[in-house]
Amino acid sequence: MNHLSLILKREYLNKVKNKSFIIMTFLSPLLMVGVFALVAYLSSVNKENIRTISILDKTENFAKEFKSTKSLKYNILALSTTIDEAKKKSEEAGDYALLYIPKMDVKELQNSIKLFSEDSPSPETLSVVEEVIKDKVEDIRLEKAGVNVEEFRNFNFKLKTNLETYKGEETSKEGIFAKLIFGGIAGYLLFMFIIIYGNMIMRSVIEEKTSRIIEVIISSVKPTKLMLGKIFGTSLAGITQVIAWIIVGSVISTIAISFFGLEGLDFTASQEELLAANPDVNELFIKGGKAMFSLPLFNLIIMFIFFFLGGYLLYASLYAAIGAAVDNETDTQQFMMPVLIPLILAVYVGFFTVIDNPHGTVSQIFSYIPLTSPVVMLMRIPFGVPLWQQILSVVILFATFLGTVWFAAKIYRVGILMYGKKPSYKELFKWLKY
Amino acid sequence: MHDLLVAENIHKNFAEHTALNGVSISVPNGSIFGLLGPNGAGKTTLIRIINQITMPDSGQVFLDGEPLKPEHIKDIGYLPEERGLYKSMKVGEQALYLAQLKGMSKREAKDRLKYWFDKFDISDWWGKKIQELSKGMAQKIQFVVTVMHRPKLLIFDEPFSGFDPINANLIKDEILQLRDEGATVIFSTHRMESVEELCDHIALIHQSNKILDGKLIDIKREFRSNTYEVGLITDNKSGVTHNLREKFKLSDATFKTINDELTLNVQINESDRAGDLISHLNSLGELTHFIEVIPSANDIFIQTVQNN
């Protein structure tokens, strides 16, 4: 067997057989599902608190419009109650809030309505109350203007623009969301993968240095081969872990759902309300799904593989070089910054600029710079990027990857035999010339 | 006897200093070659160049007459001074891995390892992790790993450090046996008594330059001062001393005797013969002790380094 595959095999098995790796592989999805279930459970418990709002409506126009729901009860106070009495009563009764509508013309109500409460009320509750008043005020004013309210409401014009590209491709709002989601997930996945497994590579290089086996190893293999073997071995271990996460995660989720039923994990009120508020929600899901499939999936998957590999390997070789340059993990900080900054920048550009304007100048530039292109381009591609641009970006990325491997190998070759002191950037530069 | 390893005019500069300045060595086949020098002299750099870990700026290394090339790694076994193994890896797996990196097949490596593990009586360590072993035990594994692929050339950098005297002796015997079986050994150390014991050739590197090399015995001859330790029973110690001082250079002796002798170090001229000194001494009293002072490797080391 040749050296590269020997090293790759050792690195892979060493990672995969590591106890903490195995534990993390199985525990992480369990934790994720557990935390998710816990949050769902806690928020449903939270919702069970019934909030009571007392209403003192001097105008008598609004009180009857408030309809109690499961979690929100309205208590209408007698007209004769004074505001001070009402406040006292409401506080003693432990009400969530007291709504006070003074007697005046509806036109002037705008700034006169008051809501008293112990703490500031939740924005959700406040908007429910405001909505009711606003609707009623509108109704009253429409009636005064001699408009039949019901008829007017029926005029409500639901606009649905049909989107289509010049080439005749149908698109939709849901489609835009699907694109955003796809790009976001792809970019984020790459980002996480780089951070987790890049660090793993770095630690494994440092481990060889601190255990001092390195000199024995490189008297048998070329340092570049050792470095590449490490990168590929760790990457395969990473891919194995991600696949295991997906499998374990879906198994656990399936078990959890069949065990507790969907009820156990549901979002009760909020989702019901959402469904009630927007009967199109089912349709939305269907359209969203359709939109997902109408994406240029083949292009996306191929490019995902290219950019994922290129981007990951590029960063991985930098991590390996950092590991070689230092003696222990605490010394890695100063070299980590220049690596992390472009990575974080890529994610920010991806999530803000690309979403705003996928083909703007900034988005375009960052989708060619090799340190940011994997994330940014992956997020742009669903919005349609000409093939030549994609290919150019991939070519730049892989050319840079080769350059970085050369650079990292230089640092690596010298660095793995250096002990004792933390090198400066100036010294690293000198190492390139050794 | 041909030279297994020849390094010719090796130069190596690092950013701020010269590590090797035109160093040449020739290591005869089947010899134990001592590579000596103070700390920081450039020994490790030379060893790394021989191991193709670093490249020389200029100069060439030949192994068995061929310029050094990557395939030669399987002909070399290297025990670095800074040694270590993967701590969380099992002994057996690790040894197999390192053997395969040296170009052995898995099956061959298993056989060789079994031989060595049996020889050192450490077979029950096979499934243990390095971190469960003591330092000395790990050193033994490291030694086995260095020699298991039967390299032509063995390079040991301070091989005895970390061993207790019993194990150090065991390792020394193994090195001698490997030499007898045909291996050539380059041996870098600061322990001059082991140089004395093992080496038949030495090279001394000081401040990036080779300042001395050759057969140890030739070097000793070169460094001889024609001085003899003399022990003489006589009633008239001061008279005899006076008599000798007129003809020879005398210095105080450091050796120990059991009689109440006059003890002296006597240096004769190069043209004089030791036999004449003996006859002369016999005429002065009863000669009990007469030994030529042979310069030790230690003396040669210190003297040469200080003179440079």
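Labels below follow one simple rule: chain letters A, B, ... track the order of the sequence lines, proteins then strands, and each chain is numbered from 1.
Taking 4.0 Å as the cut-off between side-chain N and carboxylate O, B:Asp213 and B:Lys210 count as a salt-bridged pair. A salt bridge links A:Lys17 to B:Glu93: at least one charged side-chain nitrogen sits closer than 4.0 Å to a carboxylate oxygen. Ion pairing between A:Glu215 and B:Arg48 holds under the 4.0 Å rule for side-chain N and carboxylate O.
With sequence neighbours excluded, no residue forms a side-chain contact (heavy atoms from CB on, under 4.5 Å) with B:Gln207. A search for side-chain contact (heavy atoms from CB on, under 4.5 Å) contacts involving A:Ile22 returns A:Phe26, not counting sequence neighbours. Qualifying ring-ring contact (aromatic ring centres under 6.0 Å, His included) partners for A:Phe193, counting only residues two or more places apart in sequence or in other chains: A:Tyr197, A:Phe308, A:Tyr312.
Both the backbone and the side chain of A:Ile7 come within less than 4.5 Å of a heavy atom in chain B. For B:Gln94, the part sitting under 4.5 Å from any heavy atom of chain A is the side chain, from C-beta outward, and nothing else.
The choice from B:Gln52, B:Met55, B:Lys102, B:Lys87 that makes the most heavy-atom pairs within less than 4.5 Å of chain A is B:Lys102. No other option in A:Leu13, A:Asn18, A:Asn14, A:Ile218 has as many heavy-atom pairs under 4.5 Å with chain B as A:Ile218. Residue with the most contacts toward chain A among B:Leu85, B:Ile50, B:Asn51, B:Val145: B:Leu85 (heavy-atom pairs, distance under 4.5 Å).
Between the side chains of B:Thr189 and B:Glu158, at least one donor N or O lies within less than 3.5 Å of an accepting N or O.
Judged by the 6.0 Å distance and 45° axis criteria, A:Arg10 is positioned over the aromatic ring of B:Tyr86.
Residues of residues 67-78 of chain B that come within less than 4.5 angstrom of chain A, heavy atom to heavy atom, are B:Ile73, B:Tyr78 in numerical order.
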